[in-house]
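Given the structure is predicted, the values throughout are model-derived calculations rather than measurements. Note on naming: letters A, B, ... go to the chains in the order of the sequence lines (proteins, then strands), and numbering restarts at 1 for each one.
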Protein chains: 2
Amino acid sequence: MSNTYHHGDLRRALLVAAEAELAEKGTERFTLRACAKRAGVSHAAPAHHFGDVEGLLSALAADGFRRFAEMASERLQACADASPPKRLNVLGVGYVDFARANPALFKLMFASDIPDFDDKELRSAAEASFSQLAAAVGDATGTDPLASHDGQLRVATMWSMVHGLSHLILARRMRFLNERDETELQADIAAIISAVALVR
Amino acid sequence: MSNTYHHGDLRRALLVAAEAELAEKGTERFTLRACAKRAGVSHAAPAHHFGDVEGLLSALAADGFRRFAEMASERLQACADASPPKRLNVLGVGYVDFARANPALFKLMFASDIPDFDDKELRSAAEASFSQLAAAVGDATGTDPLASHDGQLRVATMWSMVHGLSHLILARRMRFLNERDETELQADIAAIISAVALVR
DNA sequence: GATCTGATTTTTACACTGGAAAGATTGCGC
DNA sequence: GCGCAATCTTTCCAGTGTAAAAATCAGATC
């Protein structure tokens, strides 16, 4: 299976390599050739599986959204008996945790122009993640969150908070947050999120 | 002054061209050569003023922070008699307005790895903007916001909210927000920001 | 087992990129 | 006028993404 001409599972290997490259270089310095080299193939090999670099990173972003949704499901299941507001809080903390655990992937998913969100797979994966968040907001408020204007605003409020916090932590622009140790930081994240009244 | 060999104010012209290029291509597809071409000079001309592309975009980001701080000052001055919480709200809306009015510049300032934040000019311009926000939070709460842990958390909370909202609007990931007309959107932005209790 | 077929990967080629180095042009003090 | 430093262009090079052609392989069919 190894060192044959045909790789066997190059598609997956390229996604792994792309994520590693992204972690080292960021979306603005990502190069397809370095990615292919890391996977041990010629620089033209990715084209057959992904078309171009946009296709490759769109597939990686879709993968990210699937992993994100999976993580969210696990966390929600782990606190299935808690109150809806508490569960929304858990989901919010999960959002920030995912961003901190996968900074490069998170930026690709939420702050890059490269992935093509008209791509069917990426689009549906992203919408599934969004629906999960909206549903948790709905549970916390006891109403369909997307049916009313106020419900939509509640979703937007919660999402803005966790999204902004994630970005600011990753960008390391708030010095006092970056100086906290892991335990303190987790407490701070939970405290900041709970400034949104829904989650209590 | 025009069509001479020496440009006269190439530095400024390049910053203008860079901002326009950024608006069209984004940080991930920005090229120095296209930027130079737009300014009507050879592709090597920017090097003398900015060193490399990182230097050029660092200077542009610094410019962005100065403009941001100026906008914030104007808005705060326009409501000098209002209550401190109200003024903090105005500043938050200004933050989002700036992002919407200058999407490319905003992303460069807050979501790009290219600008060098060890650069002295950029660093001081960014910190001046940050101080403005922190000061407004301090006024709203009547305490030095950076002196206590709770004060720092209040700054982080406010900043996360406006920052996340800005990013989500620019990324166009919340469909129901993108479908609002301008007047409705402004009302929604103010409503979302006021979910942070400080601003009321 | 030989051969054909399509999928996968490499090789080659090309236009474009950023930056280094060297040369050309200019403004300015003298 | 002359020199000189600053500014800009030209030229060059290694590296980039993608298209096209060639090479390799797996598996079906005979």
Side-chain angles (χ1 to χ4, degrees), chain A residues 1-61 104 108 112-116 118-119, chain B residues 1-61 104 108 112-116 118-119:
Chain A
M1 186 76 76
S2 62
N3 84 343
T4 62
Y5 193 99
H6 282 199
H7 182 283
D9 198 2
L10 182 55
R11 188 188 153 88
R12 185 153 306 273
L14 282 171
L15 288 173
V16 170
E19 189 172 353
E21 277 295 313
L22 219 51
E24 286 182 9
K25 314 278 184 62
T27 60
E28 293 159 327
R29 302 185 212 269
F30 177 89
T31 73
L32 190 61
R33 286 171 110 105
C35 175
K37 192 172 190 176
R38 182 186 284 262
V41 293
S42 82
H43 73 271
H48 187 263
H49 296 274
F50 299 103
D52 53 13
V53 59
E54 182 178 312
L56 168 58
L57 293 183
S58 294
L60 181 57
L108 179 70
S112 172
D113 286 334
I114 298 179
D116 174 17
D118 291 336
D119 177 271
Chain B
M1 184 74 76
S2 62
N3 83 344
T4 62
Y5 193 98
H6 282 198
H7 181 283
D9 198 3
L10 181 56
R11 189 188 152 89
R12 184 153 308 272
L14 282 171
L15 288 174
V16 170
E19 190 172 352
E21 278 294 314
L22 219 50
E24 287 182 8
K25 314 277 185 62
T27 60
E28 293 159 328
R29 304 185 211 268
F30 177 89
T31 72
L32 191 59
R33 286 172 109 104
C35 175
K37 191 172 190 176
R38 183 185 284 263
V41 294
S42 80
H43 77 271
H48 188 262
H49 295 276
F50 300 103
D52 53 12
V53 59
E54 181 177 313
L56 169 58
L57 293 183
S58 293
L60 182 56
L108 178 71
S112 172
D113 287 334
I114 299 179
D116 174 18
D118 291 336
D119 177 270

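Distances from the side chain of A:Ala44 to the nucleotides C:dG19, C:dT10, C:dA20 place C:dT10 closest. Among the nucleotides D:dG17, C:dG19, D:dT9, the one closest to the side chain of A:Leu32 is D:dG17. Nearest nucleotide to the B:His48 side chain, out of D:dA6, C:dT9, C:dT11: D:dA6.
With rounding to whole Å, A:Leu57 atom CG is found 13 Å from D:dG17 atom C1'. Spacing between atom CD of A:Glu28 and atom P of D:dT16 amounts to 17 Å, rounded to whole angstrom units. Rounded to an integer number of Å, the gap from CD of A:Glu54 to P of D:dT18 is 9 Å. Rounded to whole Å, the distance from CG on A:Asp9 to P on C:dA7 is 18 Å.
With A:Glu28 contributing its side chain and B:Asp113 its backbone, the two residues share a donor-acceptor pair below 3.5 Å. Proximity of a side-chain donor or acceptor of B:Thr27 to a complementary backbone N or O of B:Ser112 within less than 3.5 Å is not detected.
No contact: B:Ala47 has no heavy atom under 4.0 Å from any strand.
Checking A:Gly51 against B:His49, the closest nucleotide of DNA chain D that is more toward the 5' end is the one next to B:His49. Both B:Ser42 and A:Ala34 sit near DNA chain D, but only B:Ser42 has its closest nucleotide nearer the 5' end.
Heavy atoms only, all atoms of each residue included: A:Ala17 and A:Cys35 are closest at CB-O, 3.7 Å.
Put simply, NE2 on A:His49 and CZ on A:Arg11 are 8.5 Å apart, with the number rounded to the nearest 0.5 Å.
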Inset, instruction - Please report the C-alpha distance between A:Glu19 and A:Arg38 in whole Å, then the side-chain angles of each, then the deciding distance to 0.1 Å, and finally whether the salt bridge (charged side-chain N to carboxylate O under 4.0 Å, His left out) criterion is met. - result: CA-CA 11 Å; A:Glu19 189 172 353; A:Arg38 182 186 284 262; over 6 Å; no

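Counting heavy atoms from C-beta on, the side chains of B:Phe50 and B:Leu15 come closer than 4.5 Å.
Side-chain to base pairing of A:Arg33 with D:dG17: one donor and one acceptor N or O lie within less than 3.5 Å of each other. With hydrogens and angles ignored, a donor-acceptor pair under 3.5 angstrom links the side chain of A:His43 to the base of D:dT18.
Annotation: proximity of residues 11-21 of chain B to DNA chain C (heavy atom, distance under 4.0 Å) is found for no residue.
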